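Source: prediction; values computed, not measured. To find a chain, count down the sequence lines: A is the first, B the second, and so on, and within it residues start at 1.
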Amino acid sequence: DAGVTQSPTHLIKTRGQQVTLRCSPKSGHDTVSWYQQALGQGPQFIFQYYEEEERQRGNFPDRFSGHQFPNYSSELNVNALLLGDSALYLCASSSKQGRSTDTQYFGPGTRLTVL
Amino acid sequence: AQSVTQLGSHVSVSEGALVLLRCNYSSSVPPYLFWYVQYPNQGLQLLLKYTSAATLVKGINGFEAEFKKSETSFHLTKPSAHMSDAAEYFCAVSALDTGRRALTFGSGTRLQVQP
């Protein structure tokens with residue numbers, strides 16, 4: 001049973017560029033959440049998708065956008081990259097519409113470096 | 001609103017000694033609480049979760065945590081540390097209020113195990 005997968009593993013971009021990160025949820029899961037983990041900090045919630053719609057959003061600017069596809073996979077897009085966007089981006093999947101009691105399973109993350 | 005405070009960004013114990021990692025939470029509604037572990041260059045793995053059933057929760061790898069409402073705490077313990085326990089540990093809270101499904105994480109505690 002494949003767990004949550006993310007691609008790419010590492011990415012280097014320059015300021016002002018745009019980036020797309022991808023996530024495939026665990027088999028049987030229909031909800032995808034994205035988190036940003038800056039170095040030395042805990043993950044921070046960006047947004048969550050279910051039924052191809054953004055259901056909840058954290059305190060992140062509109063430069064951060066996402067998408068969920070019919071097969072439940074998801075993309076995170078970041079426009080106009082800033083140095084401060086350098087972080088580990090984690091994708092988590094869950095089932096049953098992401099109720100609070102459902103466990104979120106995390107992928108290995110994508111390490112984004114902005115130069 | 002919810003928040004998590006993890007006391008001690010670094011904890012060092014000897015192999016075979018008791019592990020105690022502290023977590024205090026703040027939540028305006030009954031919380032659900034989680035402990036995750038993160039090994040270097042990896043995603044997050046769930047250790048255990050509290051979802052309003054038994055207050056003493058047992059998890060994987062010999063870890064357990066006790067929910068104490070009066071102290072708003074959810075400390076993680078393990079009777080005997082193993083070298084393989086060295087990792088970053090994150091406490092997280094989620095609430096069952098309307099539309100609130102995201103995890104709010106603490107800043108993490110790095111556990112070192114000395115031989």
### side-chain contact (heavy atoms from CB on, under 4.5 Å) assessment of B/Phe90 paired with A/Gln41
CA-CA 10 Å; B/Phe90 293 96; A/Gln41 298 182 23; over 6 Å; no
Check the hydrophobic clustering (I, L, V, M, F, W, Y; side-chain heavy atoms under 4.5 Å; chains of links allowed) and say if [X] and [Y] are grouped together.
X	Y	answer
A/Tyr89	A/Tyr72	no
B/Leu48	B/Val11	yes
B/Val113	B/Trp35	yes

#### Entry: Atom pair CG/CD of B/Leu103 and A/Gln44 - distance to nearest 0.5 Å
13.0 Å
### Query
Can you tell me how far the CZ atom of A/Phe45 sits from the OG1 atom of B/Thr104, to the nearest 0.5 Å?
9.0 Å
### Message
Run B/Gln38 and A/Leu88 through side-chain contact (heavy atoms from CB on, under 4.5 Å) and show every step you take.
### Response
CA-CA 12 Å; B/Gln38 186 175 35; A/Leu88 180 68; 3.7 Å; yes
### Query
Quick one: are the ring centres of A/Phe106 and B/Tyr36 less than 6.0 Å apart?
yes
### Region of A/Tyr35 in contact with chain B, defined by heavy-atom distances below 4.5 Å
side chain
### Query
Where on A/Gln6 is there a heavy atom nearer than 4.5 Å to chain B: the side chain, the backbone, both, or neither?
neither
Around atom [atom1] of [X], are there more than 12 heavy atoms of other residues, nucleotides or ligands at under 6.0 Å?
X	atom1	answer
A/Arg63	CZ	yes
B/Tyr25	OH	yes
A/Leu39	CG	no

### Summary
Comparing A/Gly42, A/Ala92, A/Pro43 against chain B, the one with the most heavy-atom pairs below 4.5 Å turns out to be A/Pro43
Only distances under 3.5 Å count here; give the side-chain donor-acceptor pairs of residues 60-75 of chain B to other protein atoms, sequence neighbours excluded, each with its distance to 0.1 Å.
unit_1: B/Glu64; atom_1: OE1; unit_2: B/Lys58; atom_2: NZ; d: 2.7
unit_1: B/His75; atom_1: ND1; unit_2: B/Cys23; atom_2: N; d: 2.9
unit_1: B/His75; atom_1: ND1; unit_2: B/Cys23; atom_2: O; d: 3.4

#### Entry: Contact class of B/Leu44 relative to chain A, heavy atoms under 4.5 angstrom
both
